[in-house]
Asker: 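Below is one structure. I have some questions about it.
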Amino acid sequence: MVFVTYVIYLLKEYFRQGCPCLFRSLTGLYCPGCGGTRALRFLLKGDVLRSLWYHPLVGYMAAVMAAEFGGWVIRRWGNGRRGNGGILGHYEAEIYVGIGIAAVNWAVKNGALLGWGVELIP
């Protein structure tokens, strides 16, 4: 019985922050999505700055989704079918900006980890 309790304790500690990142577990480096779950959790709690610290892509995605929804509502209320793209009719631009944010975030966090030994998201 003590063994089972100990195993349950270890599993709770291991999965405390969610499922661990396989890339981080294998390489010791941050993956491009590391911090995303915590960023979403803080964004939902209203702590925008902490959310942006953990992963800025989450805040960007929330802003793009809000803008897209707002544009959709305006088009529906206006009974118009103006454009079928995203913001200003360019879904590709939104995607490329998101990829750029994820790439810069990944490079900065791994640069700090490898260059100075600083873990920016513990």
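Only this structure's heavy atoms are used, side chains among them; waters, hydrogens and symmetry mates stay out.
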Asker: With a 4.5 Å cut-off on side-chain heavy-atom distances among I, L, V, M, F, W and Y, is there a chain of contacts connecting Ile121 to Phe42?
Answerer: yes
Asker: Please tell me whether Val58 and Met65 are part of a single hydrophobic cluster in this structure, the criterion being side-chain heavy atoms less than 4.5 Å apart.
Answerer: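 No, separate clusters.
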Asker: Looking at every heavy atom in both Ala62 and Leu43, which two are closest together, and how far apart are they?
Answerer: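 Minimum heavy-atom contact is CB-CD2, 3.8 Å.
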Asker: Hey, could you give me the SG/CG distance between Cys34 and Leu120, rounded to the nearest 0.5 Å?
Answerer: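 If we round to the nearest 0.5 Å, Cys34:SG and Leu120:CG are 11.5 Å apart.
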Asker: Determine, using the 4.5 Å side-chain heavy-atom cutoff (strictly less than), whether Trp77 and Phe69 are members of one ILVMFWY cluster.
Answerer: yes
Asker: Considering only heavy atoms from C-beta outward, does the side chain of Leu29 approach that of Leu114 to under 4.5 Å?
Answerer: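 Leu29 vs Leu114: side chains touch.
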Asker: Closer than 3.5 angstrom, by distance alone: can the side chain of Ser51 be matched with the main-chain N or O of Asp47 as a donor-acceptor pair?
Answerer: no
Asker: Under the rule for side-chain hydrogen bond (donor to acceptor under 3.5 Å, both in side chains), what residues qualify as partners of Arg50, not counting sequence neighbours?
Answerer: none
Asker: So, for Leu113 and Gly28, which heavy atoms are closest and what is the spacing to 0.1 Å?
Answerer: CD2-O, 3.3 Å
Asker: Under a 4.5 Å side-chain heavy-atom rule over Ile, Leu, Val, Met, Phe, Trp and Tyr, are Met61 and Leu52 clustered together?
Answerer: no
Asker: List, one per line, each side-chain donor-acceptor pair under 3.5 Å for residues 96-109, sequence neighbours excluded.
Answerer:
from: Asn105; atom 1: OD1; to: Lys109; atom 2: NZ; distance (Å): 3.1
from: Asn105; atom 1: ND2; to: His55; atom 2: NE2; distance (Å): 3.2
from: Trp106; atom 1: NE1; to: Tyr30; atom 2: O; distance (Å): 2.7
from: Lys109; atom 1: NZ; to: Trp53; atom 2: O; distance (Å): 3.4
from: Lys109; atom 1: NZ; to: Tyr54; atom 2: O; distance (Å): 2.4

